[in-house]
Amino acid sequence: MHLLISTIALRPYVFIFLASFLFIAIVNFGLRTTLLFTVLTYAVSLACEWSSVHNGFPFGLYHYIEATRAREIWVFGVPFMDSLSFTFLAFASYTVALLLSSPLYRRGADVRILDTWEIRRAPRVWLMAALFMVMVDMVVDPLSVLGERWFLGKIFWYDPPGPHFGVPISNYLGWYFVAAITIAIFQWLDGALSRGAAKPAGLVPAMRSRALLGPALYAGIVIFGITMLFRIDAPNIGWAAVFIYLPFTVLAIHILTRRESWGDDSAIERHLADFPYERDLPVWKPSSALTHDVRRATA
């Protein structure tokens, strides 16, 4: 228990992101999918990190420095928090891909996505999400290489260093490989455990704009990484990260604000056909019907 508390105290930002992910995933996809995804993704990422440390696959060869072994949890020669990060990075990337691929709906401040099971399990969502996860790593891995300049500390080194601010290209190829596996796991779990008329345990359909929370987590992770790069006086890497995300941000804004992205009545019906437990939510009712319900309740 002492080591767990010490791990959280040493890496608070990781556990803030983790807690945010758990909450967001549960209210959007349910408890069972979230917990199983967390366990399976951690197992996959730990296996890949162990393999990379020993034989260079899939991220390239690197070595952990055991300076913090007595202060945080290590599992099979890998810091616990390192493999744990893949869970919330994969999830957040998936929610961004889902947001950009689904029709949108808004009533007042309540913004929703009109996703369907076909969209949730679409190959384009899977491949985009994996790419978005690699884009995050193109910010955070060069930052991690400079861990001695901030509170992460010097925890690893690449053997040999690579061309992208010390990070080898194999690392990004490996991240795409792992992202593709873990996001496919999430899509499979979601379809296997949540499909049907019954509301998954923990899911909160009435929560306003809940589908935006995952993309907000993604943005928070990226902003944290870019901010830290400028704070540790690494402006070249910081500006490179900005220009990685600038065209992506412009494209995302274009997609989310164009008229064609907002769903019509048929898009609403397709969504409700796949998620029937949302059918009684007030958000779908015309304004006149809502007014009638309020008057009837107060009569």
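Owing to the predicted nature of the structure, the values given are computational and were not obtained by experimental measurement. FYI, the numbering just counts along the sequence from 1. Excluded from the calculations below are hydrogen atoms, water molecules and symmetry mates; all remaining heavy atoms, backbone and side chain alike, are included.
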Can you confirm whether or not the ring centre of Tyr105 sits under 6.0 Å from the ring centre of Trp284?
yes
Short question: side chain of Arg120, backbone of Asp115 - any donor-acceptor pair under 3.5 Å?
no
Hey, does the side chain of Arg270 reach the backbone of Thr116 with a donor-acceptor pair shorter than 3.5 angstrom?
no
Kindly say whether the aromatic ring centers of Tyr172 and His164 come within a distance under 6.0 Å.
yes
Give a yes or no on whether the ring-centroid distance for Phe177 and Phe57 is below 6.0 angstrom.
yes
Centroid separation under 6.0 Å, is that true for the rings of Tyr218 and Phe91?
no
Validation row: Arg112, Leu104 side chains within 4.5 angstrom (heavy atoms):
no
Can you check whether Val250's main-chain N or O pairs, donor with acceptor, with His254's side chain at less than 3.5 Å?
no
May I ask you to decide whether Arg195 forms a salt bridge with Glu118, counting only side-chain N to carboxylate O separations under 4.0 Å?
no
Could you give the distance from CG (Asn171) to CE (Met138), rounded to the nearest 0.5 Å?
10.0 Å
Evaluate whether atom CH2 of Trp188 has more than 12 neighbouring non-hydrogen atoms of other residues, nucleotides or ligands under 6.0 angstrom away.
no
Should the ring pair Tyr94 and Phe186 be called parallel, tilted or perpendicular, given that the plane angle runs from 0 to 90° and is split at 30 and 60?
tilted
Quick check against the 3.5 Å criterion: does Ser261 have a side-chain atom that pairs as donor or acceptor with the backbone of Thr257?
no
Distance, nearest 0.5 Å, that separates CZ of Phe21 from CG of Leu217:
9.0 Å
Could you tell me whether the side chain of Thr33 and the main chain of Gly30 form a donor-acceptor pair under 3.5 Å?
no
What orientation do Tyr62 and Tyr158 show, parallel under 30°, tilted 30 to 60°, or perpendicular over 60°?
perpendicular
Joint cluster assignment, Phe80 & Ile16, ILVMFWY side-chain distance < 4.5 Å
no
Would you give the length of the straight line joining atom OG of Ser52 to atom CG of Asp159, rounded to the nearest 0.5 angstrom?
12.5 Å
Are more than 12 heavy atoms, taken from residues, nucleotides or ligands other than Phe156, located less than 6.0 Å from that residue's CZ atom?
yes
Relative to each other, are the rings of His63 and Trp157 parallel, tilted or perpendicular (30° and 60° limits)?
tilted
Do Tyr245 and Phe248 have their ring centres less than 6.0 Å from each other?
yes
Heavy atoms of other groups near Arg71 CZ, more than 12 under 6.0 Å
no
Cluster overlap Val39 with Val78, hydrophobic side-chain contacts below 4.5 Å:
no
Side chain of Arg106, backbone of Gly108: donor and acceptor closer than 3.5 Å?
yes
Exceeds 12 heavy-atom contacts within 6.0 angstrom, atom CG of Asp280
no
With under 30° as parallel and over 60° as perpendicular, where do the rings of Trp150 and Phe224 fit, or are they tilted in between?
perpendicular
Near Arg279 CZ, under 6.0 Å, is it more than 12 heavy atoms from other residues, nucleotides or ligands?
yes
Side-chain (Thr87) to main-chain (Thr38) donor-acceptor, under 3.5 angstrom:
no
Please tell me whether Phe243 and Met135 are part of a single hydrophobic cluster in this structure, the criterion being side-chain heavy atoms less than 4.5 Å apart.
yes
d(Leu4 CG, Ile73 CD1) to nearest 0.5 Å is 4.5 Å
When you look at Phe230 and Trp239, which way does the ring pair (Phe, Tyr, Trp, His ring centres under 6.0 Å) test go after all the steps?
CA-CA 9 Å; Phe230 284 103; Trp239 282 114; 5.4 Å; yes
Verify the cluster assignment for Ile26 and Leu98: are they in a single hydrophobic cluster under the rule of side-chain heavy atoms below 4.5 Å apart?
no
When you measure from the side chain of Arg208 to the backbone of Asp110, do you find a donor-acceptor pair of N or O atoms at a distance under 3.5 Å?
no
Could you label the plane-to-plane angle of the Phe59 and Phe86 rings as parallel, tilted or perpendicular, counting under 30° as parallel and over 60° as perpendicular?
tilted
With rounding to the nearest 0.5 Å, note down the distance linking CG in Leu10 to CZ in Phe15.
9.5 Å
For Ser102 and Leu99, indicate whether the former's side chain and the latter's backbone hold a donor-acceptor pair under 3.5 Å.
no
Taking the side chain from Thr95 and the backbone from Ala92, do they hold a donor-acceptor pair closer than 3.5 Å?
yes
